[in-house]
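Since the structure is predicted, the reported quantities are computational estimates derived from the model, not experimental observations. Below, chain A is the first sequence line, B the second, and so on; all start at residue 1.
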Number of protein chains: 2
Amino acid sequence: MVEESSRIAGPELRADARRNRGRILVAAREVFAEHGIDAPMATVARRAGVGVATLYRRFPTRDALVRAAFAQQAETCGRALTEALADPDPWRGFQRLVETVCELQREEQGFPAAFVAAFPDSAAEHAQARERAERDLMTLVRRAQTAGALRADFHPSDLAVALLAHCGLVTALPHDGAASRRLVAYLLQSFRAEAAHGALPPPSALSLGGLPLAADGSQRQRPSRA
Amino acid sequence: MVEESSRIAGPELRADARRNRGRILVAAREVFAEHGIDAPMATVARRAGVGVATLYRRFPTRDALVRAAFAQQAETCGRALTEALADPDPWRGFQRLVETVCELQREEQGFPAAFVAAFPDSAAEHAQARERAERDLMTLVRRAQTAGALRADFHPSDLAVALLAHCGLVTALPHDGAASRRLVAYLLQSFRAEAAHGALPPPSALSLGGLPLAADGSQRQRPSRA
DNA sequence: GTCCAAACGGACGGTGTCGTCCGGTTAAGA
DNA sequence: TCTTAACCGGACGACACCGTCCGTTTGGAC
């Protein structure tokens, strides 16, 4: 992904501003991972060693900060997807993708929530990247199914379901790597063609690719207030 | 479960007080399901048609309210467990239990979070009920394994892992029943003995029964503030 | 009907976060 | 070195929720 300023043909931040921007992003990742996605902005600012004003100047909304902070992780996901497609073994590629993303969720505990929170309305900005991811993912799934490794009734949205469930697990148990790994192992085994025993209920209507959400992105549980 | 007042040999609430207590519980369930477990107390009070003071008088802490509001659901879980043990088919009993609890999580969206939030320190109050649940659960698992239906490497904590993951899913997608049902179907299939292909990573150290948490119950992600 | 303790509810002070404003500071070009 | 525009950060007002206080109402016993 290109440097942001050059994309917008921006006015080239001054040296100190650029330095502070970097510090803020680092601090944001740390704080979000430690205290959750909606830790006070002031905490991030303090950790970064800057004032709140500086933070708000650079990232007008919490959402903007979250998105920027986890852009790197999103890129990692994209790369994992590419690598998965490059794997000559279709199943191994699929498996590695799931494991990599879940590992990322496990390590950066802020990431899963960010993943869910950041994507619903990022359509405009990352449209083409998202679209491409969606296409690649579809290819990966089809390929693994054709090879007879991934069960035929696997629906691409199932990946989103699995990732969201795993996200919920690591959010509830931030320090239990064993639980996370267990869940991933179970899910992967149930995705294998040999595991297909009974019929599955109809798949979700979730859009995949950039990942969720359901039709109304605003309807998430936690953040809503009366 | 016995009526609370009689358990504590309480001073018998006055008629209006009892009526209001009931209204509060109903309102709490509705509000928690709609706005999440940490909706403002005032919202609950307003919905119940009482003042905040009345609410606080009856339930001094949010935790007390949550616990009381979902006691009924907890009881339903206990009953489901008993029924599961009564089922002559060990696997069907196990399967029904999982499906019932997950259905409850799906319907009462506040419930899963309450489940997680309420149990860490309820040791004293529900100790014996919890202990019994734990024992029954163990029996259910062993029985299904002995029958050759449930995979041998299934660990009781896996149930907690699965329920927490499902909890996370329905929290993220409150209105997507299809996603929930899909996840449950996948998980159940992967728990079947025939699905055991590769080895699983070591199980989590989660305590089961009354359900989680990890050692430090306070370490949950969302509620924590700086 | 009378009385009182229990219950009620609105109002209020306290706390924590948000996001902006403004006077001081500094990078960088002339 | 000097100038200036960009940048910085602490302070501040707005807001939401919390939990308590207190004057008023009401159930129910006599």
Engineer: Rounded to whole angstrom units, what separation is found between the CG atom of A:L13 and the C1' atom of D:dA5?
Structural biologist: 14 Å
Engineer: Would you indicate what A:A53 reaches in the nucleic acid, counting non-hydrogen atoms under 4.0 angstrom: base, sugar-phosphate, or nothing?
Structural biologist: base
Engineer: Touch check for A:V52, heavy atoms < 4.0 angstrom, all strands: base, sugar-phosphate only, or nothing?
Structural biologist: base
Engineer: Are a donor atom and an acceptor atom from the side chains of A:S180 and A:H166 found within less than 3.5 Å of each other?
Structural biologist: yes
Engineer: Out of C:dC18, C:dA27, D:dT20, which has the shortest distance to the side chain of B:Y56?
Structural biologist: D:dT20
Engineer: With a 4.0 Å limit, can you tell me whether A:R62 has a side-chain N or O closer than that to the phosphate oxygens OP1/OP2 of C:dG19?
Structural biologist: no
Engineer: Salt bridge check: are A:R47 and A:E34 linked by an N-O gap of less than 4.0 Å?
Structural biologist: yes
Engineer: Among D:dC7, D:dC17, C:dG9, find the nucleotide with the atom closest to the side chain of A:A17.
Structural biologist: D:dC7
Engineer: Quick one: A:R47 CZ to D:dG9 P, roughly how many Å, whole number?
Structural biologist: 17 Å
Engineer: When you get a sec, tell me which of D:dC7, D:dC18, C:dC18 is the closest nucleotide to the side chain of A:M41?
Structural biologist: C:dC18
Engineer: Among D:dC7, C:dC18, D:dG9, which is the nearest nucleotide to the side chain of A:R58?
Structural biologist: D:dC7
Engineer: Indicate whether OP1 or OP2 belonging to C:dC8 is found under 4.0 Å from a side-chain N or O atom of B:N20.
Structural biologist: yes
Engineer: When the nearest nucleotide of DNA chain D is assigned to B:A15 and to A:R57 on a heavy-atom basis, which residue is associated with the more 5' position?
Structural biologist: A:R57
Engineer: Between B:T54 and B:N20, is any side-chain donor less than 3.5 angstrom from a side-chain acceptor?
Structural biologist: no
Engineer: Students often get this wrong, so: under 4.0 angstrom with heavy atoms, is A:R19 touching a base, only sugar-phosphate, or nothing?
Structural biologist: nothing
Engineer: C:dG19 C1' sits how many Å from A:D63 CG, rounded?
Structural biologist: 16 Å
Engineer: What's the CZ-C1' distance between A:R21 and D:dA6, to the nearest Å?
Structural biologist: 17 Å
Engineer: Per the atom types in the model, does the base of C:dA7 pair as donor or acceptor with the side chain of B:R14 at under 3.5 Å?
Structural biologist: no
Engineer: Roughly, in whole Å, what's the span from CZ in B:R46 to P in D:dA16?
Structural biologist: 12 Å
Engineer: Does A:T54 make a side-chain N or O approach to OP1 or OP2 of D:dG9 shorter than 4.0 Å?
Structural biologist: yes
Engineer: Rounded to whole angstrom units, what separation is found between the CG atom of B:L55 and the P atom of C:dA7?
Structural biologist: 15 Å
Engineer: Find the distance A:E12:CD to C:dA28:P and express it as a whole number of Å.
Structural biologist: 11 Å
Engineer: Measure CD1/A:I24 against P/D:dC7 and give the value in whole Å, please.
Structural biologist: 12 Å
Engineer: Is it true that A:E12 and A:R18 have a side-chain N and a carboxylate O under 4.0 angstrom from each other?
Structural biologist: yes
Engineer: Hey, is A:R62 close enough to A:D38 for a salt bridge, meaning N to O under 4.0 Å?
Structural biologist: no
